[in-house]
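What follows is a single structure, written as structure tokens, with notes after it.
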Amino acid sequence: MSDTITRYDLIIVGGGPIGLACALEAKEANLSYLILEKGCLVNSLYNYPQNMTFFSSSERLEIGDIPFVTTNPKPKRMEALEYYRRIQQKFALDTHLFEEVLEIKKEDTEFLVSSNKSMYLTKKVIIATGFYDIPMLLNIPGEELPKVRHYYDDPHYYSSQKVIVVGASNSSIDAALETYRKGAQVSLVIRGSEISRRVKYWVKPDIENRIAAGEIDVYYNSHLTEVTPTTAHIQTPDGIVELDNDFVLALTGYRPNFDFLKKIGIDIPQEAPCIPSHNEETMETNIAGIYLAGVVCGGLNTHLWFIENSRIHAKQIIGHIRSTLT
């Protein structure tokens, strides 16, 4: 069977910016490689809100020493999609889109990678799957209702609706401000006592002013306890508050696909932050020949790694792979 399966030096699981960066390094090192991406190119970025502006400047999002040119102080989602798509096309990176990796097994000195479309043999594997696929659930009654959403796209949809936004981070604050400006009646529910200090510096004064003016309601030190088709229940320091409600945007964060990592044999501690086992210098996991790259390395600490500070993983990994293949 193995004689009929295409062989590679390297298979990269995940076609996001860091997966592309790894492919660029592999190409420069004359390694045979393949990117397998279960969705579209840079799938996580595609699923970001349409109007999203990056915290980072464009040069910090660059990969492969290719300039990211924009006239905006901070690039927007559409510009990033265009930038990474152009890189993939310009360098003709070997990429299979809408092909999900289901299993990775050791076979002698190689790995057998099984997807929903084919099987491959490879000497090395890089896992660059990010963390945006699995939302952190509230685990409350009514969370399964269609009105409760863990992803936010466009504010127009919520015009003239009563919207509860859960969370104090960038995604929550952006959604609260944007839906408010499209005519939604917005209430913020925040577990802590303040807006997150990591909120974009040009956005934080805006939300604080909207709250101070009474244009957006906020419940600090509070959490949702139940959602019904027409209401939502909030546990506040003063007791339960029941609000008439049309939509709940539970933007409480996301996590890596730990089940997949465990399935292929990567050790993950039971206790938070559940950082997968890997060598910080080489990025190799407890399984020799399997590497981690990008935000997946942080486990539940999804705020630790971004495009700008995890681009270096590509050079670290390919440098180590070259040393082991020679």
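Treat the numbers as computed from the prediction; the structure is a model and nothing was measured. FYI, side chains are in, hydrogens and waters are out, and symmetry mates aren't considered; it's all heavy atoms of this structure.
Put simply, the residue from L31, I317, I321, I318 that forms a side chain to side chain contact (heavy atoms under 4.5 Å, CB included) with E25 is I318.
Side chains of N245 and K147: a donor on one and an acceptor on the other come within 3.5 Å. Side-chain contact annotation: S115 with E99, donor-acceptor N/O pair under 3.5 Å present. At a cut-off of 3.5 Å, with distance as the only test, no side-chain donor of E178 or H156 sits close to an acceptor on the other residue. With 3.5 Å as the limit, one finds no donor-acceptor pair spanning the side chains of T53 and K74. There is no side-chain donor-acceptor pair under 3.5 Å between H313 and Y291. In the model, D9 has a side-chain atom that pairs as donor or acceptor with a side-chain atom of S32 under 3.5 Å.
The aromatic rings of Y151 and Y132 stand perpendicular to each other, their planes meeting at an angle above 60°, with 30° marking the opposite boundary.
Of all heavy-atom pairs between G130 and V296, the closest is O-CB, 3.9 Å. P237 and S222 get closest at one heavy-atom pair: CD-OG, 3.6 Å. The shortest non-hydrogen separation linking I173 to V199 is CG1-CG2, 3.9 Å.
Grouping Ile, Leu, Val, Met, Phe, Trp and Tyr by side-chain contacts under 4.5 Å, direct or through others, leaves I134 on its own. I275 belongs to no multi-residue hydrophobic cluster, having no ILVMFWY side-chain contact under 4.5 Å with any other such residue. The hydrophobic side chain of L137 is isolated, with no ILVMFWY side chain under 4.5 Å apart from it.
The salt bridge (charged side-chain N to carboxylate O under 4.0 Å, His left out) analysis of residues 35-54, with sequence neighbours excluded, yields the pairs K38-D133. Within the structure, salt bridge (charged side-chain N to carboxylate O under 4.0 Å, His left out) pairs that include any residue of residues 233-243 do not occur (at least two apart or interchain). For residues 82-94, the pairs satisfying salt bridge (charged side-chain N to carboxylate O under 4.0 Å, His left out) are E82-R85, E82-R86, with sequence neighbours left out.
Counting heavy atoms from C-beta on, the side chains of V227 and L224 come closer than 4.5 Å. Counting heavy atoms from C-beta outward, S187 and V163 have side chains that stay 4.5 Å or more apart. V218 places a side-chain heavy atom less than 4.5 Å from the side chain of I190. With a 4.5 Å cut-off on side-chain heavy atoms, F111 and I264 do not count as touching. Counting heavy atoms from C-beta outward, I126 and L10 have side chains that approach closer than 4.5 Å.
Applying the side-chain hydrogen bond (donor to acceptor under 3.5 Å, both in side chains) rule to Y157 yields the partners R149; only residues at least two apart in sequence or on another chain are considered. Shown here are the ring-ring contact (aromatic ring centres under 6.0 Å, His included) partners of Y219, two or more places apart in sequence or in another chain: there are none. In this view, K200 and D174 satisfy the salt bridge (charged side-chain N to carboxylate O under 4.0 Å, His left out) rule, not counting sequence neighbours. Not counting sequence neighbours, the partners of Y83 by the ring-ring contact (aromatic ring centres under 6.0 Å, His included) test are F68. Y152 meets the ring-ring contact (aromatic ring centres under 6.0 Å, His included) test with no other residue; sequence neighbours excluded.
To the nearest 0.5 Å, the span separating CE on M52 from CZ on R77 amounts to 8.5 Å. To the nearest 0.5 Å, atoms CE (M283) and CG (L292) are separated by 6.5 Å.
A salt bridge is defined here as a Lys NZ or Arg NE, NH1 or NH2 lying under 4.0 Å from an Asp or Glu carboxylate O, and D206 with R181 meets this definition. Salt bridge E103/K105: present, at least one basic N to carboxylate O contact under 4.0 Å. The existence of a salt bridge linking K123 and E110 is excluded, since no basic side-chain nitrogen approaches an acidic carboxylate oxygen closer than 4.0 Å.
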With a 3.5 Å cut-off and sequence neighbours excluded, list the donor-acceptor pairs that the side chains of residues 299-307 form with protein atoms.
none

